[in-house]
Amino acid sequence: MTKFTVRIQEADFSLEHEYQAVLAGKAEAGAVVSFVGLVRDFNDGRNVTGLKLEHYPGMTEKALNDIVQQASERWQLQAATVIHRVGQLSLAEQIVLVIVTSAHRGDAFDACEFIMDFLKTQAPFWKKETTDNGEFWVVAKSADQDKAKTW
Amino acid sequence: MTKFTVRIQEADFSLEHEYQAVLAGKAEAGAVVSFVGLVRDFNDGRNVTGLKLEHYPGMTEKALNDIVQQASERWQLQAATVIHRVGQLSLAEQIVLVIVTSAHRGDAFDACEFIMDFLKTQAPFWKKETTDNGEFWVVAKSADQDKAKTW
Amino acid sequence: MITVLFFAQLREQLQCDKLQLDDYPQTVAELRAMLGKKSPLWSELLVSDTALAAVNQTISHDQVSLNSGDEVAFFPPVTGG
Amino acid sequence: MITVLFFAQLREQLQCDKLQLDDYPQTVAELRAMLGKKSPLWSELLVSDTALAAVNQTISHDQVSLNSGDEVAFFPPVTGG
C-alpha cells in the first residue's frame with residue numbers, strides 16, 4: 001500500500017520534515033527521490049521579482065491524487081508526497097515538493113519525474129509573474145506537453 | 001560553472017543541510033532533485049541487521065568527481081553534491097546522497113539518476129551485510145551494469 | 001442548474017469568475033457556443049481559443065454531456081510546478 | 001617498484017591487502033598471470049575470475065602498461081550506493 005500525502009497550502013514547506021515523515025516506520029525504503037521547484041527568474045530579459053499562484057480549489061487536490069494514483073499503479077512505491085504552494089511567492093522561494101520512496105531507485109526516479117511532468121500539464125495551477133514592468137501570466141510551454149506524452 | 005561537492009565520510013549526513021548549501025546564493029536554481037539511498041533488508045529471506053561499507057580511499061573521490069564532471073558536461077547543472085558513507089551502518093540508516101540543481105527539471109532528474117547509476121557501477125565501494133547468520137559480501141547486480149549502459 | 005467557473009487570465013479577461021445557469025445546453029461544446037453569444041470577446045476566448053474545460057473537476061473534452069448540478073470550469077493551459 | 005592493492009572479498013580470500021613488487025611485468029594481464037603463479041587460489045581469483053583492475057586509481061583493461069611508481073588495485077565488481 002502506497003502512503004499518499006497531497007497538500008495545497010500558502011505556507012512554506014520543509015523538505016526535511018516531509019522526508020522524515022515519509023521514512024517514518026518504513027525500514028524497507030531503500031530509495032528516496034525528491035524534487036523541489038523554486039521561483040526563478042526564468043523569462044528572457046524581464047526582471048522577475050515574484051509570482052502569484054492561482055489554483056482551482058477542489059479540482060487541484062483531485063488532479064494531484066489522480067496523478068499519484070497513476071504513478072503508484074505503474075511503479076512499486078512505498079510513499080509519495082506532493083505539496084504545492086499557492087498565493088504570493090518571492091524569488092527563490094519554494095513552490096512545489098514531490099517525494100517518492102521505493103525499494104528500487106529506478107522506480108523512485110521514474111515516479112517522481114512522472115508526477116512532476118503530469119502536475120505541470122494536468123493540475124490546475126496558474127502562475128502570474130510580478131516583474132519590474134508589471135504582472136504577466138506565464139504561458140504554458142508546449143515542451144511540457146511533449147514531455148508528459150513520452151510516459 | 002557547476003559547483004561540485006564530493007565527500008566520503010563515516011558520519012551521517014543531513015539532506016536539509018546539503019539542500020540549503022546547494023541553494024545558497026543560487027537564485028537561478030529552478031529545480032532541485034535529490035536522491036537518498038538507505039540500508040534496507042534487501043536480501044531474500046536473510047535477516048539483514050546492517051552493513052559494513054569498505055572503499056578504496058583516493059580512488060573513490062576520483063571516481064565520484066569524474067562521474068559528476070561527466071554529468072556536468074551532458075546537462076546544464078548549477079550544483080551537484082555527492083556524499084557516500086563508509087564503515088558500519090545499521091538498518092534504515094542513510095548511505096548515499098546525491099543532490100543536483102539546474103534551471104530545468106529534466107536536466108536535474110537525468111543528471112541525478114546518471115550519477116547514481118554510474119556510482120553503482122564505477123565507484124569503488126563494497127557492501128558486506130551483517131545478518132542473523134553471519135556476514136556476507138553483497139554481489140553486484142548485472143541489472144545495475146545494464147542500467148548504466150543505457151545512458 | 002449548472003455552475004460555470006473561470007480561472008486565471010480567462011477570469012480576468014472576461015471579468016467573470018462564476019455563473020449559475022438555470023438553462024444550459026447538452027454538451028460542453030454547446031455551452032461554449034451559448035456563452036460565446038455574449039460578445040465577440042467571449043466567443044474568441046471560449047470558442048476560438050484553447051480554453052480547457054473541466055466537468056466536475058475532471059478535464060473533459062467538448063462532447064461530454066452536462067447534467068443538473070454539474071460544475072463546469074473553463075481555464076487556460078495550466079502552468080504550475 | 002609498483003604497489004598492488006586488494007579490496008573487499010578479494011582481500012579477504014587472498015589474505016593480503018598490499019604487495020610491493022620490485023620486479024613487475026609490462027601489463028596488467030601479465031601482472032595477473034605472474035600473481036596467479038603464487039597458488040591455485042590466486043590464479044582462480046585474479047586470472048579466471050572477474051576481478052577488476054585499476055591502475056593509478058582509474059579502472060583499466062588488461063592491456064594497460066605498468067610503470068615504476070604505479071598503484072595497481074584488484075577488486076570485485078563494486079556494490080556501493
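Lettering follows sequence order; numbering is per chain, from 1. What you see is a predicted model, and the numbers here were worked out from it, not measured in a lab.
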Hey, does B:Thr101 have a side-chain heavy atom less than 4.5 Å from the side chain of A:Leu38? no
Does A:Arg105 reach the side chain of B:Asp144, with side-chain heavy atoms less than 4.5 Å apart? yes
Between B:Ala108, B:Ala31, B:Ala103, which shows the greatest number of heavy-atom pairs under 4.5 Å with chain A? B:Ala103
I need the residue from B:Glu16, B:Gln94, B:His17 with the largest number of non-hydrogen atom pairs under 4.5 Å to chain A. B:Glu16
Nearest 0.5 Å please: distance from the NZ atom of A:Lys147 over to the CZ atom of B:Phe109. 7.0 Å
Report the distance from atom CG of B:Leu15 to atom CD1 of A:Ile99, rounding to the nearest 0.5 Å. 7.5 Å
Looking only at A:Val32, A:Val33, A:Ile95, most heavy-atom pairs under 4.5 Å shared with chain B are made by A:Val32
Contact leader toward chain B among A:Gly106, A:Cys112, A:Ser14, where contacts are heavy-atom pairs under 4.5 Å: A:Cys112
Only pairs under 3.5 Å count here: list side-chain donor-acceptor contacts from residues 66-76 of chain B, not counting sequence neighbours, and write none if there are none.
{"unit_1": "B:Gln69", "atom_1": "NE2", "unit_2": "B:Glu73", "atom_2": "OE2", "d": "2.8"}
{"unit_1": "B:Ser72", "atom_1": "OG", "unit_2": "B:Gln69", "atom_2": "O", "d": "2.8"}

Just jot down the salt bridge (Lys or Arg N to Asp or Glu O under 4.0 Å) partners of A:Lys62, sequence neighbours excluded, or say none. none
Quick check: under 4.5 Å, non-hydrogen atoms only, which of residues 116-124 of chain A neighbour chain B? A:Met116, A:Asp117, A:Lys120
Across all chains, not counting sequence neighbours, the side-chain contact (heavy atoms from CB on, under 4.5 Å) partners of B:Ala143 are none
Using non-hydrogen atoms only, which part of A:Phe35 is less than 4.5 Å away from chain B: side chain, backbone, both, or neither? both
